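To start, the structure itself, in structure tokens.
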Amino acid sequence: MPLSAPRPIPIPRTLSLFGLLLLGTLHAATTPLKFHFSTDRAPTAPADSIAISAETIYSSARGYGIEPVAPFAPGKPFYFTARVPQEGNYRVTVTLGDPTAVSLTTIKAELRRLVVAAAIATAAGETKRVSFIVNTRTPRIAAIQARASAPALAAGSVKLKAPRETVQEAWAWDDAITLEFGNTRPAVRAIEIEPVTVPTLFLLGDSTVCDQSKEPYNSWGQMLPRFFKPTLAVANHGESGETYRDSLARRRLDKIVSALRPGDWVMMQFGHNDQKQIAAKTGGPGTTYKEEIRKHVAAIRAHGGTPILVSPMERRRFTPEGKVELTLTDYANAARDTARELEIEFIDLHALSQRLYAALGPERSARAFATAADGQIDNTHHNNYGSYEVARCIVQALRDRQHPLAQFIADDVGPFDPSRPDNPDTFAVPASSLVTNERPLGDDANAKK
């Protein structure tokens with residue numbers, strides 16, 4: 001059964017005095033915020049930790065707690081939220097395990113970002129500690145003064161889509177970290193959260209890149225964090241239904257630029273929605289598409305970032321002979337040409353996705369795409385398995401090109417050949433409990449609202 005939607009973004013929020021004290025503690029990088037979980041109705045915790053029980057429900061005044069989207073019970077999936085004093089990167093360390101039973105836990109952050117290996121198992125009485133980086137943000141854009149290498153950036157905010165981003169996707173834009181603990185028997189003993197300074201890989205893109213908030217949809221950008229060590233942050237600023245033009249108009253690029261540190265990267269993939277500009281006679285792959293890429297690259301470089309251009313992945317479409325039918329070649333070529341012209345890193349996801357779909361074949365490839373509530377296969381948007389495989393394509397491309405980001409690839413991530421994809425029958429990332437009947441934006445008249 002679908003569960004209720006995440007709470008909308010209340011901007012601004014208010015905090016109790018206790019909440020302010022908590023945030024003051026968290027702000028000190030040497031003193032992480034610690035939570036201790038217990039099934040007792042009157043739980044106790046170590047002196048440096050906050051006790052969490054089934055009754056510790058999140059509220060704005062409290063500033064932490066279990067999200068009320070589902071009843072909390074031992075061994076069942078649940079969501080936990082903790083507010084943080086400012087946006088940025090945080091190292092989260094979770095202690096997993098059950099004193100009396102086996103456990104199997106999958107951890108996702110914010111909007112279903114997979115942050116560690118698909119499933120972590122513990123025996124009865126055993127504990128395991130895992131660490132990962134979570135990037136959190138608000139819509140606010142900080143002003144930047146003009147300098148010789150870059151123009152000024154005006155203060156303001158990202159023009160979020162309502163209600164999509166302000167309600168359904170609110171966890172991506174609030175002043176808190178939300179963690180999802182799932183699988184057949186999740187067991188959490190403790191959580192630690194501390195601010196860290198690490199390099200950031202920013203993502204910009206459409207519905208095939210962004211953090212999809214609910215099942216059955218998923219995108220490669222929200223699978224990507226799992227493949228990196230806890231020394232790199234992945235900040236996904238993609239959004240459904242968008243183009244390079246929308247990224248400029250809604251100030252998504254400005255938001256990234258305002259947060260960039262020298263040495264950070266920005267990976268960009270658009271194309272699916274840009275195609276509609278041809279029918280509307282407002283642009284095309286060889287003209288406006290290229291020019292809008294150039295504007296993104298110029299802004300990123302001016303503020304110390306390194307751009308990475310990704311060609312748009314193909315849709316699931318086959319000829320009667322069983323070959324992948326191409327629908328985005330012009331945009332893939334335009335992206336490749338622009339990357340060559342500007343001398344920036346290029347990942348040909350258009351070609352890699354073709355190899356992946358061809359290997360799966362006309363029938364089996366359906367296992368990589370979302371199935372809507374009406375039973376129809378969505379031949380553009382992936383499910384968990386499909387997005388995981390596409391994310392593996394991205395990671396392998398970084399490794400093959402010996403890109404600087406390859407140094408951050410997790411030690412347990414082996415080589416990947418898109419022509420030999422993982423078996424969907426043994427895929428181990430479980431579905432989340434939040435489900436939607438609403439398709440990603442870009443498929444209907446609501447795309448621009």
Side-chain angles (χ1 to χ4, degrees), residues 11 86-89 135-161 165 172-173 175 197-206 209-210 221 232-239 241-271 273-274 277 282-311 331 334-347 403-405 448:
I11 303 172
Q86 59 188 19
E87 62 182 10
N89 298 324
N135 175 272
T136 186
R137 64 178 184 264
T138 68
R140 178 179 173 271
I141 297 172
I144 299 178
Q145 297 296 319
R147 57 181 188 271
S149 61
L153 182 70
S157 64
V158 179
K159 299 175 183 177
L160 301 182
K161 297 178 178 179
E165 292 182 277
W173 290 104
D175 54 358
T197 300
V198 296
T200 302
L201 170 59
F202 293 89
L203 305 181
L204 260 176
D206 51 33
V209 180
C210 73
L232 176 75
V234 177
N236 195 345
H237 287 247
E239 180 53 41
E242 298 210 343
T243 65
Y244 280 110
R245 191 173 303 173
D246 293 314
S247 171
L248 296 167
R250 290 187 178 272
R251 302 201 68 186
R252 298 191 195 278
L253 177 62
D254 286 350
K255 175 63 182 178
I256 289 177
V257 164
S258 73
L260 269 178
R261 293 175 178 269
D264 287 344
W265 297 269
V266 183
M267 187 177 287
M268 303 173 285
Q269 182 225 287
F270 289 98
N273 300 298
D274 304 72
Q277 296 168 1
T282 59
T287 55
T288 55
Y289 184 75
K290 285 186 173 182
E291 181 57 33
E292 288 153 7
I293 292 175
R294 293 186 189 102
K295 290 179 180 179
H296 279 71
V297 170
I300 292 164
R301 282 176 160 170
H303 292 277
T306 301
I308 303 172
L309 196 55
V310 181
S311 58
Y331 284 87
R336 181 186 298 103
D337 292 346
T338 309
R340 186 183 299 116
E341 170 197 330
L342 300 177
E343 298 182 335
I344 61 174
E345 192 68 41
F346 175 70
I347 295 177
H403 190 276
L405 281 167
K448 297 300 180 185

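Sequential numbering from 1 along the given sequence is applied to the chain's residues. Nothing here was measured: the structure is a model prediction, and the numbers come from that model.
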So, do [X] and [Y] sit near enough that their side-chain heavy atoms are less than 4.5 Å apart?
X	Y	answer
Leu260	Val266	yes
Ile141	Val257	no
Met268	Pro307	yes

Distance (rounded to the nearest 0.5 Å) between Ile308 CD1 and Gln269 CD: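 So the gap between those two atoms works out to 13.0 Å.
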From His303 atom NE2 to Ile256 atom CD1, the distance as rounded to the nearest 0.5 Å: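 Here the interatomic distance stands at 12.0 Å.
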Pair listing, salt bridge (Lys or Arg N to Asp or Glu O under 4.0 Å) test, anchored in residues 292-305, at least two apart: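 Pairs touching residues 292-305 that pass the test: Arg245-Glu292, Glu291-Arg294, Arg294-Glu341.
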Side-chain donor-acceptor contact under 3.5 Å, Thr200 with Asn135: no
Contacts of Arg251 that satisfy salt bridge (Lys or Arg N to Asp or Glu O under 4.0 Å) - sequence neighbours left out: Asp254
Test salt bridge (Lys or Arg N to Asp or Glu O under 4.0 Å) applied to Asp264 - qualifying residues, sequence neighbours left out: none
side-chain contact (heavy atoms from CB on, under 4.5 Å) assessment of Thr282 paired with Thr288: CA-CA 8 Å; Thr282 59; Thr288 55; over 6 Å; no
Glu242/Arg252 under salt bridge (Lys or Arg N to Asp or Glu O under 4.0 Å): CA gap, chis, key distance, verdict: CA-CA 11 Å; Glu242 298 210 343; Arg252 298 191 195 278; 2.7 Å; yes
Considering all heavy atoms, the nearest Ala339-Phe346 contact: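 Nearest heavy atoms, Ala339 then Phe346: CB-CB, 3.7 Å.
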Nearest non-hydrogen partners of Leu160 and Pro139, listed with the distance: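 Minimum heavy-atom contact is CD1-CG, 3.6 Å.
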Main-chain N/O of Lys159 paired to Arg250 side chain as donor or acceptor, under 3.5 Å: yes
Of all residues at least two apart in sequence or in a different chain, which pass the side chain to side chain contact (heavy atoms under 4.5 Å, CB included) check with [X]?
X	value
Arg140	Thr138, Ala142
Ala155	Ala143
Ala334	Pro285, Tyr289, Lys290

Ser247 and its side chain to side chain donor-acceptor pair (under 3.5 Å) partner, picked from Lys255, His296, His237: His296
